[in-house]
Every structure is written in structure tokens, then in C-alpha cells.
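The structure under discussion appears below in the form of C-alpha cells.
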Amino acid sequence: MDKILQQRAPIMQAMEELRIKRVVPFDVPGHKRGKGNPELVDFFGEKTMSIDVNSMKPLDFLGHPVSVIKEAEEIAADAFGAAHAFLMVSGTSNSVIAMIMATCKRGDKLLMPRNVHKSALSALVLSGAVPVYIDPGLESNLGISEGMKLADIRRAIDENPDATAIFLNNPTYYGICSNLPAIVKMAHEKGIAVLVDEAHGTHFSFGRDLPISAMAAGADMSAVSMHKSGGFLTQSSFLLLGKSQSPQHVRQIINLTQTTSASYLLMVSLDISRKNLALNGIKIFDEVGKMANYARDEINSIGGYYAYGKEIINGDSIYDFDHTKLSVNTLKTGLAGRKVYDILRDEYDIQIEFGDIGNFLAYVSVGDNMKGIERLCSALSDIYRRHGSDKKLAINYEYIHPTIVATPQEAFYAEKELVYIRNAKNRISSELVMCYPPGIPIIAPGEMITQAAIDYILYSKEVGNNLTGTQDEDVEQLYVLR
């Protein structure tokens with residue numbers, strides 16, 4: 001990484017120069033630097049509204065950059081150790097879709113774990129690629145998916161030598177990482193591209209004592225969320241390429257779905273955030289790690305809760321663990337993770353990232369401080385005292401390999417009918433059903449609906465998980481193939 005180069009923020013500089021020139025706008029957006037809507041100015045501030053502008057000659061054009069945006073992308077590539085970087089303003093979901101669509105066309109096989117974000121399934125619907133699922137390990141005591149076992153990946157590659165790419169999480173929502181360098185080597189030996197969803201691993205490129213980043217491991221493409229662990233404006237993301245990929249081809253794919261009216265607020269955010277992480281990342285993430293480790297120790301001293309860390313590493317399916325992730329199992333408190341999530345929000349005004357049946361995640365990042373950490377730990381202690389019990393919440397966790405009857409694209413566009421979920425056993429789903437967050441589908445288009453999946457959905461509703469993905473807003477019914 002070139003530290004002198006990383007001091008530059010070309011888009012931010014261009015925006016400052018534009019403001020000084022006081023250009024008279026006869027283009028969109030129609031609020032004309034806020035003058036057309038004083039209420040927006042009062043809410044967002046004059047400076048923010050003054051840089052909500054349209055593409056123009058001095059500011060470049062995201063769909064075909066030739067000046068300041070192009071320079072910003074080159075500097076970002078240097079920061080992440082990538083051959084090329086794209087500024088993405090439609091979130092990392094769009095980056096994931098672009099990765100898959102750039103490598104897989106209709107009928108191509110994509111090796112992937114089942115615990116992927118919905119955006120990967122969306123990409124299969126759009127591209128027509130065929131998923132070949134590799135069962136992730138299951139940590140049965142915690143009720144969470146692990147990473148990928150090397151033996152399982154080798155078997156999948158041997159059984160599908162015509163696979164085009166393999167798609168992986170680095171890390172999972174809970175902080176678990178697979179042996180990415182070994183997987184990259186294994187895939188590349190067979191000519192298979194490696195695509196990595198690194199939405200929650202942006203900091204891997206900038207901190208110390210963290211799992212390896214996708215680019216450092218030799219992956220072909222990775223998608224990173226600057227607005228998550230990078231700590232900047234929501235929807236800001238980077239799509240990173242290795243040397244094997246054509247930036248011109250990938251740009252074409254991105255332009256199929258990304259807006260032509262890119263937000264300069266988001267692009268300036270990417271410029272500034274990349275600069276900050278490149279110059280200060282080691283210090284930032286050392287501090288984040290210290291806060292997360294302190295919180296982990298404090299929570300584990302309460303009793304009942306289990307804030308897990310590197311001790312769960314097993315060298316294979318849990319090859320590494322991101323210690324900045326404050327993932328907490330709640331089963332021994334007698335409370336569902338979602339219940340703890342709700343109590344924290346409703347009674348303590350503490351908003352954590354998500355809660356599922358047996359766990360919750362409190363996101364610790366650059367914006368946190370010890371005062372907030374202490375407040376969280378104190379609230380969890382109080383919740384256990386007031387609501388907990390010695391009776392462990394009994395849940396039978398079992399990973400069930402999905403039975404794929406049709407491709408996601410075929411199922412999504414097929415003739416279908418609406419049925420109640422409780423009566424959908426052995427039908428073929430045309431829709432996604434998932435808890436959001438984390439956005440990992442319970443059922444995906446083209447899969448046979450099992451009784452286990454139905455039971456999981458009904459129990460998730462019972463404990464208050466936020467279910468989504470179906471046309472039915474109440475998630476009582478879903479579309480299945482006729």
C-alpha cells in the first residue's frame with residue numbers, strides 16, 4: 001500500500017472545488033443544492049445538500065469514469081491490494097450480484113454454501129446460474145453455521161469439474177472464516193473462479209491479528225461493505241477484482257443494475273472512508289478488537305450468556321474467527337436471542353444488529369466507545385437477572401441439505417399458486433423466505449419445502465424474528481410451483 005497515494009481523496013477535492021466555483025445549476029436534482037426544499041436543508045444541513053449533485057464534467061461519471069472517479073478507484077485498489085476496484089453505491093448486495101453475473105451465465109454451475117446472503121440467490125434468479133450447495137458445518141451447541149470443510153469443497157469440485165465459480169463468505173455474520181487460501185488454491189487448480197462475500201470483513205485489509213482478506217488470499221473477486229465494519233454511509237461498498245478478471249467486462253455487468261444517477265454523497269463517503277482506513281486502520285481496529293474482547297469477557301462473567309471467540313477455532317470448518325464480532329449465544333439464559341434483542345431495544349434503548357433463535361450479534365466498530373460497551377454489558381446483566389432462568393432453552397439444531405428441483409430462475413418465473421406455509425410440505429417454492437437480518441434464506445426458489453423448514457419458519461415467527469421475502473406481507477402464505 002502506498003501511504004502517500006492513500007492521502008489523496010480526489011472525489012472529495014473535486015466536490016470542494018465545485019462548491020467554491022458556485023456553479024449555477026440547471027440540471028437535476030431539482031432541489032438545486034437545497035434551495036427548492038428548505039426543510040431538507042434544515043434536516044440534513046446546507047453542506048450536505050450542496051454536494052447532492054448530478055454527474056458533470058469536473059465530477060466524472062460512475063458508469064464510465066475517466067477522471068476523478070477513475071483515480072479514486074485506482075487508489076482504492078491500491079488500498080485493498082486489488083488489481084481493480086469499483087465504487088458501488090447500491091450496497092454490497094449489488095456488488096454480490098455483479099460478481100456472480102460477471103462470472104456465471106445461464107446454466108453455469110456455482111458452488112456455494114447454503115448460508116449465503118439473499119443477494120447471492122437473487123443473482124441466480126437474474127443470471128440463470130445453477131447452485132451446487134456445499135453443506136456448511138453446524139456448530140450444534142451454538143446453533144450457527146460454520147465455515148466450509150476442505151474435504152467437502154474438494155468433493156464438490158471433483159463431482160462438478162465443470163463448475164464455473166465457487167462463492168464463499170468471509171466471514172459469516174457471526175465472524176467465522178473458512179480456510180480461504182487453501183480453498184483458492186484448490187479451486188484455481190481446476191480453473192474455478194473464487195468469489196467472496198466480504199460484506200462483514202472490510203477491516204481484514206487494514207487491521208492486525210485479523211483473518212486474511214479475500215484479495216490477500218488470491219480470490220478473483222470480493223465485495224466489501226464500507227458501511228459495516230468500515231463505518232461509513234449506508235449503501236457504500238467496493239467491488240474488488242484480482243488480476244484474472246476483466247474490469248471492462250465487470251463494468252458492463254455493473255452498469256446493467258447500478259443506477260446512472262449515482263449519489264455523490266456515497267462516492268465522497270467511499271473516498272474519505274478508504275483514506276481513513278488506509279492511514280489509520282491499524283490503530284482503529286486494534287481499539288475495536290480491545291473493546292470487543294473486553295465486552296466478551298464481561299458478558300461471559302455474567303453467567304448464562306456465552307460470548308464466543310477464537311476458542312471455537314477447529315482448524316477446518318472454523319479455520320479462523322474475527323474477534324471484533326461480538327456474537328453471543330443465549331440458550332443457557334432460557335431466552336431466545338431475538339427476545340434479548342427486543343428487550344434491549346424496548347426497555348434499554350440499545351439497538352443491536354440482530355437476534356435469531358439462539359444468538360444475537362452486537363456490532364462493535366470504529367464508532368463505539370467504552371461507555372457504550374459498559375452500558376450494553378450492564379443491560380445484559382440486568383436482563384439475565386430479571387428475565388433469565390436456569391432452564392436452558394432446548395432447540396434441536398439440524399442442517400438439512402436442500403433438495404433442488406428447479407433452478408432459482410426457473411422457479412421464480414414459473415406458473416405458481418399461493419398456499420399457506422404450514423400446508424406447503426413437499427411443494428416447490430417460488431419465493432425466498434428468510435429472517436432479516438441476517439438475510440440468509442430458510443427456503444429459496446426451486447427448493448422442495450420440508451417439514452423442518454416449515455417448523456423453523458413457524459418457530460421464528462413465534463419468537464418474533466423478522467421474516468420477509470414473500471409477497472404476503474404477513475409471511476403466512478407463499479407461492480409454490482403448480
Side-chain angles (χ1 to χ4, degrees), residues 8-16 18 27-31 33-34 40 44 47-77 79-80 82 84-102 117-120 122-123 126 197-202 205 221-241 247-278 439:
R8 291 188 49 74
I11 302 175
M12 181 179 71
Q13 182 180 347
M15 295 299 299
E16 292 286 1
L18 177 70
D27 62 349
V28 297
H31 61 70
R33 317 295 197 265
L40 279 178
F44 287 111
K47 189 170 185 179
T48 298
M49 294 305 298
S50 72
I51 62 172
D52 182 35
V53 298
N54 194 28
S55 296
M56 61 184 77
K57 187 175 181 180
L59 298 183
D60 212 353
F61 172 54
L62 185 59
H64 187 82
V66 296
S67 59
V68 294
I69 294 176
K70 182 179 180 181
E71 183 182 359
E73 291 184 339
E74 290 170 348
I75 296 173
F80 283 94
H84 194 89
F86 295 93
L87 276 68
M88 304 292 288
V89 296
S90 300
T92 305
S93 291
N94 194 213
S95 299
V96 168
I97 290 170
M99 278 199 303
I100 293 175
M101 291 185 66
H117 187 262
K118 69 174 288 284
S119 55
S122 298
L126 293 171
D197 181 350
E198 211 160 32
H200 296 275
T202 302
S205 295
M221 303 178 75
S222 73
V224 295
S225 282
M226 293 303 284
H227 69 98
K228 292 187 173 73
S229 59
F232 292 85
L233 292 186
T234 299
Q235 282 187 218
S236 57
S237 177
F238 281 114
L239 177 57
L240 308 175
L241 305 189
Q248 294 80 15
H249 170 65
V250 175
R251 177 88 66 191
Q252 280 190 320
I253 299 298
I254 291 171
N255 287 342
L256 291 175
T257 57
Q258 184 158 255
T259 178
T260 55
S261 301
S263 167
Y264 276 87
L265 293 172
L266 295 179
M267 285 191 281
V268 170
S269 169
L270 283 167
D271 214 17
I272 295 172
S273 62
R274 179 272 313 151
K275 176 183 175 182
N276 184 45
L277 295 186

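Keep in mind the model is a prediction, meaning the values are calculated, not measured. Side chains included, hydrogens not; waters and symmetry mates left out as well; all remaining heavy atoms used.
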* **Side-chain heavy-atom pair L87, M267 within 4.5 angstrom cut-off** => yes
* Identify the two heavy atoms, one from S67 and one from D60, that lie closest to each other, and give their separation to 0.1 Å. => N-OD2, 2.7 Å
* To do: For the pair V224 and T92, evaluate side-chain contact (heavy atoms from CB on, under 4.5 Å) and give the outcome as yes or no after the intermediate values.
  => CA-CA 6 Å; V224 295; T92 305; over 6 Å; no
* **Partner residues of A120 under the side chain to side chain contact (heavy atoms under 4.5 Å, CB included) criterion, sequence neighbours left out** => V96, I100, M112, V116, F167
* Asked: Does the side chain of R8 reach to within under 4.5 Å of the side chain of Q13, using non-hydrogen atoms?
  -> yes
* Is there a donor-acceptor contact under 3.5 Å linking the side chains of T202 and S225? -> no
* Structure fact -> Heavy-atom closest pair (A14 atom, P58 atom, distance to 0.1 Å) is CB-O, 3.8 Å
* Would you kindly say whether T257 and N94 are connected by a side-chain donor-acceptor distance under 3.5 Å? => yes
* Structure fact -> Tightest non-hydrogen contact, residues K275 and A9, listed as CD-CB, 4.3 Å
* Minimum side-chain heavy-atom gap N255-H64 below 4.5 Å -> no
* Asked: Could you state the interatomic distance from CE (M101) to OG (S122), rounded to the nearest 0.5 Å?
  -> 11.0 Å
* **Crowding at NZ, K118 (>12 non-hydrogen neighbours, <6.0 Å)** => no
* Structure fact -> Rounded to the nearest 0.5 angstrom, the CE-CG distance for M12 and D271 is 7.0 Å
* Structure fact -> Heavy-atom nearest pair, P65 first then E73, reads CG-OE1, 3.9 Å
* In Å, rounded to the nearest 0.5 Å, how long is the span from CD1 of I254 to OG of S95? -> 7.0 Å
* To do: Using the side-chain contact (heavy atoms from CB on, under 4.5 Å) rule, take Q235 and H227 through it: C-alpha gap first, then chi angles, then the decisive distance, then the call.
  => CA-CA 6 Å; Q235 282 187 218; H227 69 98; 5.6 Å; no
* Do R33 and V53 touch side chain to side chain, with heavy atoms closer than 4.5 Å? -> yes
* From L270, I272, V268, residue fulfilling side chain to side chain contact (heavy atoms under 4.5 Å, CB included) relative to S236 -> L270
* Pairwise side-chain contact, H117 with S93, heavy-atom cut-off 4.5 Å (strictly under) -> yes
* Could you check if a side-chain atom of I69 sits within less than 4.5 angstrom of a side-chain atom of Y264, using non-hydrogen atoms only? => yes
* Asked: So, F238 versus F80, ring centres under 6.0 angstrom or not?
  -> yes
* Calculate, to the nearest 0.5 Å, the distance between atoms OG and CE belonging to S269 and M226 respectively. => 7.5 Å
* OG1-CG distance between T260 and L62, expressed to the nearest 0.5 angstrom -> 10.0 Å
* Structure fact -> In terms of heavy-atom contacts, A85 and L240 come closest through CB-CD2, 3.7 Å
* To do: To the nearest 0.5 Å, tell me how far L265 CG sits from T234 OG1.
  => 12.0 Å
* Asked: Got F86 and P247 here, is their nearest side-chain heavy-atom distance under 4.5 Å?
  -> yes
* Asked: Taking all non-hydrogen atoms of both residues, which atom of L59 and which atom of V68 are closest, and how far apart?
  -> O-CG2, 3.5 Å
* Asked: Has the side chain of H200 got a donor or acceptor atom that lies under 3.5 Å from a matching backbone atom of S229?
  -> no
* Asked: Do the side chains of M221 and M99 get nearer than 4.5 Å, heavy atoms only?
  -> yes
* To do: Report the C-alpha separation of L18 and M56 in whole Å, then their side-chain angles, then the decisive distance to 0.1 Å, and conclude whether the side-chain contact (heavy atoms from CB on, under 4.5 Å) test is met.
  => CA-CA 10 Å; L18 177 70; M56 61 184 77; 3.7 Å; yes
